[in-house]
Number of protein chains: 2
Amino acid sequence: MSTVQDSDMQNQSTATPLDAANIPLTERLFDALQRAIVEGEIPQGSKISEPELARQHGVSRGSLREAMARLEMRKLVERKPNLGARVVTLSYEQLIEIFQLREALEGMAARLAAQNMSEIEIEELQKLLDQHGEQIAEQHGQAYFQKQGDLDFHYRIVQGSKNKQLIELLCNDLYHLLRMYRYQFGMRSKRSQQAYEEHQYLINAISARDPEMAELLMRQHIRSSRRNVEAVFLEKL
Amino acid sequence: MSTVQDSDMQNQSTATPLDAANIPLTERLFDALQRAIVEGEIPQGSKISEPELARQHGVSRGSLREAMARLEMRKLVERKPNLGARVVTLSYEQLIEIFQLREALEGMAARLAAQNMSEIEIEELQKLLDQHGEQIAEQHGQAYFQKQGDLDFHYRIVQGSKNKQLIELLCNDLYHLLRMYRYQFGMRSKRSQQAYEEHQYLINAISARDPEMAELLMRQHIRSSRRNVEAVFLEKL
DNA sequence: TTTTCTTAAAGTGTCGACACTTTAGTAAAA
DNA sequence: TTTTACTAAAGTGTCGACACTTTAAGAAAA
């Protein structure tokens, strides 16, 4: 589960790719905490004690505080003056709101991708989807990998838009919050077959350089995905 | 010029509304720096020296650093390890990208506003627009106030969407960067009359509870606005 | 005079400390 | 026994200091 990277992706990798040194402590801390929160290691709604968390990670409070300020901006933690910080509490309502956001943003991304993706990128995208198709055929229904696959697919289209603002927003800001929902709510799909087909239509539209159609299909695709979540949610009650 | 507030707008105002104390220093600093950058007081692209800036504002480097981390997340400054921070450099390309974002986001906002705005809110919006109409009639062409008026109008529709994610994103995150462009690029409109009419159509659609039409009109409106910017820009060359 | 090396100044990364605020535990009052 | 008052522990807000990195100035070599 690694095609999509956790950290920022516009880093100009220096000579040594994996040198942890030189990268500021605050930044590594930020990434670590983000991951811990997203994956539920630090449970949602839990209070965060700065001294304790700093000690656990072996850093000073100052460094931790800087990381916290950034986590707050990404809406992964909430801070109140003199009262401290808490991990956000996820809600069904917020999830629906995020789907509405995605519908607008990824719709635009698909439109732009139809205009700006290179032929090679489109081919690669088709290959990726073909792989997904095989995986679905093999292990029918219980499509765990498909979940990540879906993410990869959407990720590439956003990249294909070539709009840096859009990329930044979806792949850095919103992405982690969305991933947090996936982790914590389970969110099994049970419509991988249908999603696969919708993805194929999307590629066709992009390949035909039809921005209008690409946007339409993407929006419909995300709406379907939202309805699925709504259905799963109602089931639970 | 104040209907739209600079700072966060979801603050639960305590007993004393104007007490500067109790609000953390870092936060006030963040707001101050944000304003200074947006209004060009600290010029775009300029390097920021932490010791100097801290001294100017009479705070320690630690507090300033926390504010900087947040400014970085809002993409108002860029930081490179060991090299320091610079104010972002605005570009025509980025501005166009932001317009594309706005088209998607505010389009969705208009759609949701048509569903979720209360009748009273719609009436208020109509009143606001009527005021704009009068202002335009008075001082023809040279519509400076209209600029802020346009902002107010869009602001209210976003609020009317009732989608917190959308509101946060547009009114907190993107808003300041956009305002920075307005300040630094001048960006006179010279289409206030047309904008006024487009706004009226939008209200009509919202009033008729026609989400589809509201989104369509908003997107067209923002596209027109973008084309105007493109034209003004080509003029300059 | 131009280039390169050396070294000091400035700047960033990180830490520990202290003051003030909130929380929690305990004792006094009802 | 329940409520209120007081006090200590824990936590947050803010600061100044030190180590390491980069930048810039000046000296030595070409």
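Chain naming here is simple, since letters A, B, ... match the order of the sequence lines and numbering starts at 1 in each.
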Sugar-phosphate only, base, or nothing, as touched by B:Ile48 at under 4.0 Å among non-hydrogen atoms: sugar-phosphate
Euclidean distance, atom CZ of residue B:Arg79 to atom C1' of C:dG11 [Å, nearest integer]: 13 Å
Geometric cation-pi criterion, A:Arg226 with A:Phe99: 6.0 Å, 45°: no
Sugar-phosphate only, base, or nothing, as touched by A:Gly84 at under 4.0 Å among non-hydrogen atoms: sugar-phosphate
Any B:Ser60 side-chain N or O less than 4.0 Å from OP1/OP2 of D:dG16: no
Smallest separation among heavy atoms of A:His176 and A:Cys171, with atom names: NE2-O, 4.4 Å
Residue mapping more 5' on DNA chain C - nearest nucleotide basis, B:Gly62 or B:Pro51: B:Pro51
Candidate pair B:Asp150 and B:His199, rule side-chain hydrogen bond (donor to acceptor under 3.5 Å, both in side chains), full reasoning: CA-CA 9 Å; B:Asp150 181 77; B:His199 284 182; 3.2 Å; yes
Atom-to-atom span, CD of A:Glu66 to C1' of D:dT12 - whole angstrom: 17 Å
Whole-Å gap separating P (D:dT22) and CZ (B:Arg86): 16 Å
Nucleotide C:dT12, atom C1' - distance to CG of A:Leu25 in whole Å: 13 Å
Carboxylate-amine/guanidinium proximity below 4.0 Å for B:Glu106 and B:Arg219: no
Electrostatic pair A:Glu93:B:Lys164 at N-O distance under 4.0 angstrom: no
Any B:Ser49 side-chain nitrogen or oxygen under 4.0 Å from OP1 or OP2 of C:dA10: no
Nearest-angstrom distance from the residue atom CD of B:Glu72 to C1' of C:dT12: 14 Å
Short side-chain N/O contact to C:dA10 OP1/OP2 from B:Lys47, under 4.0 Å: no
5′-ward residue of the pair A:Ser63/B:Ala85 relative to DNA chain C: B:Ala85
Test side-chain contact (heavy atoms from CB on, under 4.5 Å) applied to A:Gln131 - qualifying residues, sequence neighbours left out: A:Leu128
Separation of D:dG16 P from B:Glu50 CD (nearest whole Å): 15 Å
Working for salt bridge (Lys or Arg N to Asp or Glu O under 4.0 Å), residues B:Glu66 and A:Arg79: CA-CA 13 Å; B:Glu66 223 173 294; A:Arg79 278 164 121 193; 3.6 Å; yes
Sugar-phosphate or base contact per nucleotide [nucleotides 17-22 of chain C; S, B, -; heavy atom under 4.0 Å]: B---SS
d(CG, B:Leu64; C1', D:dC15) in whole Å: 13 Å
Protein-nucleotide distance (A:Glu52, atom CD; D:dA9, atom P), rounded to Å: 18 Å
